[in-house]
Amino acid sequence: MTEKEIILKIRQIETEQERRKRDNKIDGYNSGKIKHEKQLKFHTCDKKNRWVFGGNRSGKTECGAVETVWLARGIHPYKENKPTEGWVVSLSQQVQRDVAQSKILSYLKKEWISDIVMISGRKGSASSGVIDTIYVKNVFGTTSKIGFKSCDQGREKFQGTSLDYVWFDEEPPEDIYIECKMRVLDKCGIIFGTMTPLKGLTWVYRTIYLNEGNDEDVWYEQMEWADNPYLNKNEIKKLTQSLSEDELNSRKYGNFTSGTGLVYNEFDERYNVIEPFMVPIDWYDKISIDPGLHNPLSCHWYASDYDGNVYVIAEHYEKEKTVEYHSNRIKDISKSLNWPIKNGKIEAIIDSAANQKTLASEKSVTELFYENGILTSPLVNKDMFSGINKVKSYFKNALGERKLFIFKNCVNLIREIKGYFWGNNDLPVKRDDHALDELRYYIMNRPENKNIKNDKNIIQKNKEKLIKLNKLKNIRY
């Protein structure tokens, strides 16, 4: 054999080994020298209501996926096995597809699947669609069923079936949890959940974490990043830098937080509010709008430098005005900033509710803005909890770094931040939050590191250095 042929043969062997490893993922789970001890505690526990409260990347979702596949196949190494029928419950169908469904498919060998019923998409490429049921060949020569449900279907969709188990991937509403407990009652089935506690002191905190009812079937384990032996230190550092102090407590350690007081307690006017300065045009990013007719319409202009710092540089905030009036004000402010115009229109993002037509008008708000020279995109991520936590991390992350700076002339945004408090049911008080909604839309729809550039020339570097030095001189300490 020539050296070239030997190298080719080695590569073929390595490729085959990788293929076999992928196809045999379930056998490789926690079987090496390095083990995830808290995952093993979860699987060996004999309680009927088991939960894992874990940070992101702590390994909690793997627990739920492997437990489900073991139960469906009848190969659970720590439980009495039988043919089973169970549900996997996600917050939405999109989350189901991207998380729980994807994990389960990764642990199921193709030859174990006898059929797949789809809600959307084709079963030939099930991973890209939304699955209703997977029929799994078990070791008893029969078939087990893994059904998929999403909380956004409502409680009524969770009625009428007897089940052996239910896996909650993230925290469900309490009424759906209670309904699922009824589904496993006559079979003496089990409930297990894997979640990151981001919603404060909810029913899960009371019922599972505190176990106020002293239910002997309830058990929980907490997982943090340090518990996952497969998570490297660079990954941990990267995650830590992206989180606020409050969010780190939940996402790293899996701890519950009270969620009381100011929503944005990381905001410090001494540091996050700065004197206006001349912003380079190549920092300009997006305009964000929260529409209002009787309520105020809030609009802010956002810029981002090469290091990913965000600046709120201008504000329009008025109530009881027409779309035509608001459009003219947005155009006037944009002109004063020399904001870019594309194809004769000023572009902005806007609350998705602006795409709906009302009884008072034959046209939607987005259509009215378009007729007045503003091209608005309603494709924004409105997830409140994730959005709030991401904004908090921009005000100040767990390392004490601040990446969101507001020009002091944006007085309405600053006022709303200082008066934004948590209310009942772990939700912020719905009052004076128009600018905050629109700030959240911008931050949530801003890809991480989008504006960080590594190809700056010497002129750009010097220019940016001078701008930042000037800005720092004007920060009030």
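What you see is a predicted model; the values in this text were computed from it and never measured.
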Problem set entry | Pair D169-Q96, side-chain contact (heavy atoms from CB on, under 4.5 Å): steps then yes or no | CA-CA 8 Å; D169 175 37; Q96 169 196 315; over 6 Å; no
Exercise. When you look at D46 and K79, which way does the salt bridge (charged side-chain N to carboxylate O under 4.0 Å, His left out) test go after all the steps?
Worked result: CA-CA 8 Å; D46 59 1; K79 301 284 190 298; over 6 Å; no
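For residues 81-97, the set of pairs meeting the salt bridge (charged side-chain N to carboxylate O under 4.0 Å, His left out) definition, not counting sequence neighbours, comprises K82-D164, E85-K145. Screening residues 117-163 for ring pair (Phe, Tyr, Trp, His ring centres under 6.0 Å), with sequence neighbours left out, gives W87-F158. Within the structure, salt bridge (charged side-chain N to carboxylate O under 4.0 Å, His left out) pairs that include any residue of residues 66-76 comprise R50-E67 (at least two apart or interchain).
Electrostatic pairing of K382 and D351 counts as a salt bridge here, judged by a charged N lying under 4.0 Å from a carboxylate O. Taking the charged nitrogens against the carboxylate oxygens, R183 and E179 do have a contact shorter than 4.0 Å, which makes a salt bridge. Salt-bridge annotation for K103 and E62: present, with a side-chain N of the basic residue lying under 4.0 Å from a carboxylate O of the acidic one.
Taking the six-membered ring where the residue is Trp, Y78 and H76 present perpendicular rings, their angle passing 60° and hence far from 30°. Taking the six-membered ring where tryptophan is involved, the planes of W70 and Y29 are perpendicular, since the angle between them exceeds 60° and thus also 30°. Taking the six-membered ring where the residue is Trp, F168 and Y177 present tilted rings, their angle falling between 30° and 60°.
Side-chain contact between C151 and E170: absent, with no pair of heavy atoms (C-beta onward) separated by less than 4.5 Å. Taking the side chain as every heavy atom from C-beta outward, I75 and V139 approach each other to under 4.5 Å.
Not counting sequence neighbours, H300 has no partner by the ring pair (Phe, Tyr, Trp, His ring centres under 6.0 Å) test. Residues passing the salt bridge (charged side-chain N to carboxylate O under 4.0 Å, His left out) test with D383, sequence neighbours excluded: none.
Atom CD of E216 has 12 or fewer neighbouring heavy atoms from other residues, nucleotides or ligands inside a 6.0 Å radius. Within a 6.0 Å radius of NZ in K319, no more than 12 heavy atoms belonging to other residues, nucleotides or ligands are found. Under a cut-off of 6.0 angstrom, the local environment of NZ in K181 is sparse, with at most 12 non-hydrogen atoms contributed by other residues, nucleotides or ligands.
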Expected list for residues 218-228: side-chain donor-acceptor pairs under 3.5 angstrom, two or more places apart:
from, atom 1, to, atom 2, distance (Å)
Q222, NE2, G254, O, 3.0
Q222, NE2, N255, OD1, 3.0
W225, NE1, N56, O, 2.4
W225, NE1, R251, O, 3.1
D227, OD2, K38, NZ, 3.1
D227, OD2, E224, N, 2.8
N228, OD1, Y230, N, 2.9
N228, ND2, R57, O, 2.8

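A distance below 6.0 Å separates the ring centres of Y311 and W283. Here the two rings, on W301 and H316, have centers that are 6.0 Å apart or farther.
Each of E266, R446, R402 was scored for a side-chain hydrogen bond (donor to acceptor under 3.5 Å, both in side chains) with Y394, with one residue passing: R446.
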